[in-house]
Number of protein chains: 2
Amino acid sequence: MPLDRRQRRRLETIEEVLDIAAEIMAEQGVAGLSVGEIARRMGIRPPSLYVYFPSKNALYDALFARGAELILAAMAEQRSDLTGSFEEQLLASARAFIGWCIEHPAYSQLLFWRPVPGFTPTAEAYAPAVRLLGLTTAWFEELQSDGLIRADVAVADVLRDWTVITSGVISQQLANAPDEDVEAGRYLAALPGLAAMFAAHYGATRPSARSRGRARHADQR
Amino acid sequence: MPLDRRQRRRLETIEEVLDIAAEIMAEQGVAGLSVGEIARRMGIRPPSLYVYFPSKNALYDALFARGAELILAAMAEQRSDLTGSFEEQLLASARAFIGWCIEHPAYSQLLFWRPVPGFTPTAEAYAPAVRLLGLTTAWFEELQSDGLIRADVAVADVLRDWTVITSGVISQQLANAPDEDVEAGRYLAALPGLAAMFAAHYGATRPSARSRGRARHADQR
DNA sequence: GTCTATATGACGATAGAC
DNA sequence: GTCTATCGTCATATAGAC
């Protein structure tokens, strides 16, 4: 069923509200978002916004969903390009992820910390994040089948440890040097060393017995 | 110069304000702290608090200083007890640190994230955090002198990588499972594996040439 | 010196007129 | 769908009681 003019217009307004809200969050921080400021920048009165969002938390929820979709899209796009050793793939993937977070610090705070008292994302808003976790799990499972990850470790543990490391880089970078860009990022600079350490620990040194014959170049050093 | 009755009474009141403020932060989150709520629980009017703190941010600053002092004290206390291999010392130290953070999530948010728009800690409030970093640096330097850390790596890099890992555990634990205690903490459970990985990468396998003859039991496996 | 009384302007949110 | 009017709460400021 096609959307009529009114529905389309409504969706456009909602997008505009979210654009401006994201802009304010980027300037003032997640908790600095104010309904009045959104209305001011849109040239309308605050109560008019309640036609589109029943509460400020509903607005945060929509922003959470949007951020999760954006990062899911960014990661899904480069997933197919991942080649090379375990270490190379880890590094490329984490660089994309952390790079996005550094470029979108406000979204990152909303997605990965809990800065708004009383706000918890709904299941719908969380869905893209779950899909991203699923994608990453599938990727690690494939790496193990291909013999790039040791066969004697649980994928869930490898994934948990890797997310700890990436979220540590993000957390340190955003908290201690929020104004550094991707090139300057002093904690992002730790990533190659950490990826090497991680690959040395969890990477397989030869194709495993379960390899399906399409293993990429494993780190054989 | 001893404090007279008035000054002592004033300091007691300030301590009471901070106690209650920390209590509210623990219940409502960092951003959920309200001056009015503090006054309500103390049985006074909000403006009275401005005798002790010139602004809400000054209050956050005092809380930041207090949290930093608390964690510095917790870490300094157990530092002298650290013995054993590099891996064992890493694990014991990080467990103490992360355990404190899990038990004091509100202080941790204030100390390690940036949840309050417009608030940046003053240099005085930051001082204990700097001292803690200094303590940890000295500890790592000692470990290197004792031959437990490879002689060919910079202590600053080892320290940066280790803080990335510990802050990753804290970040994941507080964001994804804030209600789990220290025993249940599913991300804290990743710590032994991560410490083993880290020690295998940066730990020395034999006492270095620079050992001062008081090396502890190095991991010789 | 310490607190109260009172006021200001911003906030999130609601009701109802048009 | 947007407005005005309004509510209660918030941080904050000032004046003055005791």
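Residue numbers begin at 1 in each chain, while the letters A, B, ... track the order of the sequences. Because the structure is a prediction, the values reported are computed rather than measured.
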| said: Check this one for me: any side-chain N or O of A/S55 less than 4.0 Å away from OP1 or OP2 of C/dG12? | reply: no

| query | OP1 or OP2 of D/dG1 sitting under 4.0 Å from any side-chain N/O of A/R10? | reply | yes

| First encountered from the 5' end of DNA chain C, between A/R40 and A/P54 | A/R40

Starting at [atom1] of [X] and ending at [atom2] of [N], how long is that distance when rounded to a whole Å?
X     : N      : atom1 : atom2 : result
A/E12 : D/dG1  : CD    : P     : 13 Å
A/K56 : C/dA10 : NZ    : P     : 16 Å
B/Y50 : D/dA13 : OH    : P     : 7 Å
B/L11 : C/dT2  : CG    : C1'   : 15 Å
A/R6  : D/dG1  : CZ    : P     : 7 Å
B/Y60 : D/dC10 : OH    : P     : 13 Å
A/E37 : C/dA13 : CD    : P     : 16 Å
A/I38 : C/dA13 : CD1   : C1'   : 14 Å

| message | So which atom in A/S167 and which in B/Q172 form the shortest heavy-atom distance, rounded to 0.1 Å? | response | OG-CG, 3.3 Å

| task | Indicate the atoms forming the closest heavy-atom contact of B/L174 with B/P105, along with that distance. | result | CD2-CB, 3.9 Å

| request: Answer with base, sugar-phosphate or nothing: what part of the nucleic acid does A/L33 contact at a heavy-atom distance below 4.0 Å? | output: sugar-phosphate

| field | Salt-bridge contact B/R66-B/E15 (side-chain N to carboxylate O under 4.0 Å) | value | yes

When the ring planes of [X] and [Y] are compared, do they come out parallel, tilted or perpendicular, using 30° and 60° as the limits?
X      : Y      : result
B/F119 : B/F64  : perpendicular
B/Y107 : B/H104 : tilted
B/F86  : B/F140 : perpendicular

| field | Verdict with supporting geometry, A/T166 and A/L194, side chain to side chain contact (heavy atoms under 4.5 Å, CB included) | value | CA-CA 9 Å; A/T166 51; A/L194 289 164; over 6 Å; no

Under 3.5 Å, N/O pairs linking protein and nucleotides 3-7 of chain C:
from	atom 1	to	atom 2	distance (Å)
C/dC3	OP2	B/Y52	OH	2.4
C/dT4	OP2	B/R45	N	3.0
C/dT4	OP2	B/S48	OG	2.9

